[in-house]
Structures are given as structure tokens and as C-alpha cells.
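Everything below concerns the one structure shown next.
Residue numbering restarts at 1 for every chain, and letters A, B, ... go by the order of the sequence lines. Keep in mind that this is a model prediction, so the values were computed, not measured.
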Protein chains: 2
Amino acid sequence: MNNPELRYQALLTTLHERGSRLTSHRLALIRLLSTSEGHPNAMQLYESLRLQFPTISLATIYKTLALLKDEGEVLEIDLHNDSHYDGNKPYPHPHLICTQCHKIFDGDEITAIQKINQEIEDRYNFQISRHQLVFYGMCWECREKTDR
Amino acid sequence: MNNPELRYQALLTTLHERGSRLTSHRLALIRLLSTSEGHPNAMQLYESLRLQFPTISLATIYKTLALLKDEGEVLEIDLHNDSHYDGNKPYPHPHLICTQCHKIFDGDEITAIQKINQEIEDRYNFQISRHQLVFYGMCWECREKTDR
DNA sequence: CTACTTGCAAAGCCTTTGCAAACTA
DNA sequence: TAGTTTGCAAAGGCTTTGCAAGTAG
């Protein structure tokens, strides 16, 4: 999913069809989730939304995220005591985390995952249903800065 | 590392050379870590050790684990609000987690990881330093039980 | 003997829950 | 209006920390 507007509409439709109410806070949150590429955590979403909605609470963020997770519209990335959320690409895919600038990048174009999946099925007779793959290291931007 | 006794000695040596004191609780913990293949979490280690050492505390488990992590002798696996520990193979390697029996298996024989690493370096110009790869699904044992 | 380690309890951090008030449809 | 959602505060679960008492070297 690359078009944030389409993604926004998709999330909106899901909530609507589910019979959930579209409050202003929820609309703002799904807007943020569908457009942001930054893989924010709950606190970051809270801080962002608080600018526009000073009375919004962290609990509401968590409750709405739980709702969207249930619907399979948001992917939770479990890092060390710190969950981040991807509402743009809710299907399992690798993430690259820069240990220098702490940005989280999508690694959803990696084709060799097929090979790993195949090997796991073959070698361990293990039937994969989902995965969480995180690679830590230095992103291209930080490499450039460091090399110079 | 396949030989638990060698692994035990290695952990012991690390602690000794570090100048750390080898208390009975620590010895029992590293014995457990070096032999167990089960990837226990802190509570499971605590429950095990409590049988032999009724006065041991969870805090001691955590403090010793932190020590061994610092020394690179224990790998922490970050699951959802639940860290598990691998003292047998402290280097990053894939883990297969059965969603049925909840066992954690090592996937350290998977060769296709090289391909993924290569692809990430090439495609994203990202320099990997470590990774945490978790595959969820059904293990061969549970598949057999289910198929019948 | 000295410095490190221990157990206990308290605190931290992230996340979830209970509930009355507010709000959507 | 009826039922959902909200914010607040409290509680939960896992992990860390402070400190006096205990222990290894």
C-alpha cells in the first residue's frame, strides 16, 4: 500500500463496516497511521495528536490501536519494551532499524524471504504463519555521514 | 555450541575473568542457562532454581542475566512483553516459535540468511550489525498431532 | 577484611482496565 | 435516546533499582 489517501479510506471503511463510531480522535489517529511512514509508538502518536486535540488521552490511542490490530489493519512491531505500529503495511514484513538515528525502515521489497521460508519448512518441517524480522544496523544516510 | 559442559565452563570462565564472584546461585543459573535448550524467561529460571534454592530472588536472576548479557554470553529474545534468554547460543540467530505448544526452537542452521543479509546491504545500503528473527507457526510435533 | 552480591521492597515503564461523563449515529 | 467511546486514575505485568545484611575471595 503506497497511497496514503487510499489507505486512510480503507481504515475508515473497516471501522465503519465494523459498526465502530468515527470520532474526531479516531479519524485523526487513522489519518496519522495511514500517512506516517515513521512506525510511531503509542507515545509518539499521542504527542502528535495532542497538538490538535489537547484533551486526547493515551488510553484512547491504545484502545483504538487494539481495535485496528484486531481488524488486521495495523501491524504491531515488538521491540524491547516498546511497541511500534505500522498502519500503512499491516502485513508482516522485515524492518530495518538504524542504531544511530533510530529510524525504522520498511524492508518489504526483500525477495530472499521466500528462500528462508522455504528452508524453514523443508529443514524443520515448521509451518510458518507469520514472522517478525528486525535487522539492526546503520542506514544509508548515517553511513554517508559517518564515512565523511 | 552444542556441548553443555563446555558452555558451562565458558560462562564460568567469563565471570571469573571479569572478577565477578561465583556464588552458588550464579553457578546454578549458568548451569541452567548452558544446558537448557528451552529458551526460558526470567520467571521460568526463577521457578526452576527455587526448587534447589528456596531463598533465591527474581532480582538476582535479572541482575545475573544483565551481567551475562553485557558480556555477550547470553542472548535476549524480545517477545511481546516477555523476554526469553539463550545462554547456549548467544549469537543472533532465528527462532521458530510454535503457536500451539509455545516451544521455542533454534533456527540456527538456516543458510538463506546470508542471502537476506546480502539483499539488505545491496538494496537498501544498510549495514547490518545484528538481527532478531522470529517465525511463528506450527512445529513438526504439533503438525503430526493435528494431521492425525 | 573489603568489596561485591543478595533479598526485599519499592519504583519504573509501558500497557490495560474500570467507570462515570460525553458523544455518535 | 441508546449504546459506544472518552478521559482519568488506578491497576497490571515485567524489569530495574536502592539499600542494609550477607558472603566470596
Test applied, side-chain contact (heavy atoms from CB on, under 4.5 Å); reference residue, B/L11; option that passes from B/L6, B/L29, B/L27, B/L68: B/L68
Interatomic distance, A/D78 CG vs D/dC14 C1' [rounded to whole Å]: 14 Å
Pairwise 5' ranking along DNA chain C for B/I56 and B/N81, keeping only the more 5' one: B/I56
Whole-Å gap separating C1' (D/dC14) and CG (B/L79): 13 Å
Range on DNA chain C touched by chain B - first to last nucleotide, heavy-atom distance under 4.0 Å: C/dA3 to C/dC8
No-hydrogen, no-angle side-chain donor-acceptor test under 3.5 Å, A/Q118 and A/D122: yes
Nearest-Å distance for atom pair CZ/C1', residues B/F53 and D/dG22: 16 Å
Separation of atom CG in B/N41 from atom C1' in D/dG13, rounded to whole Å: 12 Å
Phosphate OP1/OP2 of D/dT6: any A/T23 side-chain N/O under 4.0 Å: yes
Nearest-angstrom distance from the residue atom CG of A/L22 to P of D/dG3: 19 Å
Hphob cluster co-occupancy, A/I97 + A/L133, side-chain heavy atoms under 4.5 angstrom: no
Option among A/R7, A/R18, A/K89 that satisfies the salt bridge (charged side-chain N to carboxylate O under 4.0 Å, His left out) test with A/E73: A/R7
Closest-nucleotide ordering on DNA chain D, the 5'-leading residue of A/G19 and B/S20: A/G19
Length of the CZ-C1' vector between A/R18 and D/dT4, whole Å: 11 Å
Atom-pair distance (CZ on A/R26; C1' on D/dT4), nearest Å: 8 Å
Contact under 4.0 Å: B/R21 side-chain N or O vs D/dT23 OP1/OP2: no
OP1 or OP2 of D/dT15 under 4.0 Å from side-chain N/O of B/S83: yes
Any donor-acceptor N or O pair under 3.5 Å, side chains A/H93, A/D86: yes
A/E5/A/R31 salt bridge by N-O under 4.0 Å criterion: yes
Atom-to-atom span, CD of B/Q44 to P of D/dC14 - whole angstrom: 11 Å
Neighbour count above 12 (heavy atom, 6.0 Å) for A/K69 NZ: yes
Closest-nucleotide ordering on DNA chain C, the 5'-leading residue of A/H16 and A/H84: A/H84
